[in-house]
Structure formats: structure tokens, C-alpha cells
Amino acid sequence: MGGAGGQGEAVVAGVLRERDRLAAELHDTVAQGLTSMHLLLDAADREWTREPGRARLLVRQAAAAARENLAEARRIIRDLAPVELERGALADVLRELCAAEDGARFRLEGEPRPVPGRVEGAVLRAAQGALANVRRHARASVVVVTLTYQPYVLALDVWDDGVGFDPAAAAGHAHQGGDGHPGGDGLRLLRRRIAYLGGTATVESSPGGGGTVVSVCVPVPGPGSG
């Protein structure tokens with residue numbers, strides 16, 4: 001069965017998988033939250049004299065983001081399910097997420113049913129990461145998030161009508177340690193996160209207004225399997 005050497009390699013592989021999982025988790029939660037707070041506080045600073053009422057609103061939004069990300073950081077430490085999923089079902093959380101984004105719509109296909117929490121968490125993070133990329137890079141007017149319950153698969157598609165990009169170039173940029181490029185590390189970490197669950201994550205896009213589709217498929221137990 002592999003002996004001591006095999007067991008040691010398995011331990012190392014497990015440590016590496018956990019490190020990557022935590023890296024993906026931090027990228028999609030705390031790092032995104034800090035970016036949001038930075039943008040909100042910068043905007044508040046610009047409006048401080050001209051529109052103090054709006055500046056206060058932006059500061060309150062930044063404070064709310066800080067509270068949410070503090071909760072996320074504590075949740076990561078405890079290694080529990082995503083905080084958002086403690087408030088409601090995955091479909092409800094995604095619907096709420098879309099309602100907070102300009103031009104975003106949510107669609108539910110199939111009959112919702114219980115699936116493993118780690119799958120729901122990964123799908124939620126995929127949606128959050130895709131929407132963050134749309135917000136930061138796509139210049140899109142419409143975004144559609146579709147959650148589909150198939151008999152043995154949970155699928156997520158995030159489509160936007162934005163400017164698009166070259167996924168191969170984004171992957172190459174990430175390998176070079178670049179930042180601020182559409183996709184980049186986020187897409188690499190997304191693929192790893194979904195691969196750990198036996199699923200696939202794909203990105204279809206082209207520069208010049210072709211829009212982008214991020215698709216995630218994760219195997220789940222079939223209906224009635226308990």
C-alpha cells in the first residue's frame with residue numbers, strides 16, 4: 001500500500017492541497033473584501049468636502065465590508081462553511097449577491113436539493129470571484145448568474161456582455177506573478193478549488209467585446225441518495 005515513503009508523500013501532498021485551498025479562500029474573501037474597502041474609502045475621501053452625506057454613506061459601506069471580512073477571517077480560522085451560507089440556501093445567497101450588483105440577474109434551473117457543504121462553498125466562491133472580475137475588468141452592462149441542479153452535477157455559469165479578454169494571456173500573466181490582469185491568479189485558484197472536488201472550471205472569452213462565460217461543474221450525489 002505504498003509504505004512509509006508513500007505515506008510521507010501523501011502527507012506532503014495533503015499539506016500542499018490545504019495550502020492551496022487556504023490561498024484560494026483568502027483570495028476570494030479577505031483579499032476581495034480589502035480591495036472593496038480600499039475603493040470605498042478612496043471614494044469617500046474624494047467626496048468628503050463636496051458631498052459629505054455620500055462620503056458618510058461610503059464610509060458606512062466600508063465599515064460593513066470590514067465587519068463581514070472580519071467574520072470571514074474568523075470563519076477561515078475555524079474552517080467552517082462560508083458565513084453567507086449560514087444565512088440561507090445557496091440559491092438565495094446567489095440571488096442576494098446578484099441583487100447587490102448593477103446589471104446582474106440570477107436564474108435557477110432544476111430542483112434545489114441538499115448537496116455537500118464544501119460543494120456549496122466552492123460554488124459560492126466561484127460566483128463571488130467571477131462577479132468581482134466582471135466588476136473590476138469587464139465593463140459589462142449585463143451579467144447573468146445561473147445555478148443548475150442536474151441529477152448528478154451542480155453547475156454554475158456566470159455570463160457577461162463585457163469587453164472580454166484572452167484567457168491564455170491571463171494564465172501566462174499569472175504564472176509571471178503579475179497582478180491586476182483580468183483572471184490571473186483568480187482563475188488558476190478557481191480551477192484548483194473545483195478540481196479538488198472532482199469538478200471542472202472553464203472560461204470562454206475573447207478580447208474585443210466578446211463577453212465572458214465562467215462555467216463550473218461539480219459532481220454531487222443524485223436525488224434521493226440521502
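Just so it is clear, the structure is predicted and the values come from calculations on it, not from any experiment.
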Side-chain (N69) to main-chain (A65) donor-acceptor, under 3.5 angstrom: yes
Restricting to non-hydrogen atoms, name the atom on I194 and the atom on A122 that form the minimum distance, rounded to 0.1 Å. CD1-CB, 4.0 Å
Are any of the side-chain heavy atoms of P114 and P221 separated by less than 4.5 Å? no
Under 4.5 Å between any side-chain heavy atoms of R105 and V143, yes or no? no
Shared hydrophobic cluster, V214 / V163 (ILVMFWY, side-chain heavy atoms < 4.5 Å): no
Quick one: CD on E109 to CG on L147, what's the gap to the nearest 0.5 Å? 9.0 Å
Closest heavy-atom pair and its distance - G164, S205: CA-OG, 3.3 Å
Would you tell me whether D166 and S206 have side-chain atoms, one donor and one acceptor, within less than 3.5 Å of each other? no
Point-to-point distance, once rounded to the nearest 0.5 Å, from CG of D42 to CD of E47: 11.5 Å
Side chain to side chain contact (heavy atoms under 4.5 Å, CB included) with R191: of T202, T200, V203, V216, only one passes, and it is V203
I'd like to check L90 versus L85 (side-chain heavy atoms, cut-off strictly below 4.5 Å). Are they in contact? yes
To the nearest 0.5 angstrom, please state how far the CD atom of Q32 sits from the NE2 atom of H27. 5.5 Å
Quick test of your reading of the model: are D28 and R193 salt-bridged, counting only N-O distances below 4.0 Å? yes
Below 4.5 Å, heavy atoms only, C-beta onward: do W159 and T146 meet side chain to side chain? no
Is there a path from V144 to V213 through hydrophobic residues (I, L, V, M, F, W, Y) whose side chains come within less than 4.5 Å of each other? yes
For the hydrophobic clusters of this structure (ILVMFWY residues joined by side-chain heavy atoms under 4.5 Å, transitively), does one cluster hold both Y149 and L97? yes
Answer yes when R113 and E111 have at least one side-chain N-carboxylate O distance shorter than 4.0 Å, and no when they do not. no
Taking the side chain as every heavy atom from C-beta outward, state whether L156 and V158 have any atom pair closer than 4.5 Å. yes
CD/Q150: more than 12 non-hydrogen atoms of other groups inside 6.0 Å: yes
For the pair T212 (side chain) and D160 (backbone), establish whether a donor and an acceptor sit closer than 3.5 Å, ignoring hydrogens and angles. no
Minimum heavy-atom distance between G198 and P219, given as atom pair plus value: O-CD, 3.6 Å
Are L34 and L26 connected, step by step, through hydrophobic side chains (Ile, Leu, Val, Met, Phe, Trp, Tyr) whose heavy atoms are closer than 4.5 Å? yes
To the nearest 0.5 Å, atom CZ of R125 lies from atom OG1 of T29 at 5.5 Å
Any side-chain heavy atom of T148 sitting closer than 4.5 Å to one from L154? no
What distance do R192 atom CZ and R188 atom CZ have between them, rounded to the nearest 0.5 Å? 5.0 Å
Rounded to the nearest 0.5 Å, what separation is found between the CG atom of N133 and the CZ atom of F165? 7.0 Å
Hey, quick one: are V115 and F106 part of the same hydrophobic cluster, counting side-chain heavy atoms closer than 4.5 Å, chains of contacts allowed? yes
In the structure I gave you, are the side-chain heavy atoms of V218 and V153 within less than 4.5 Å of one another anywhere? no
pair L58-D45: side-chain heavy atoms closer than 4.5 Å: no
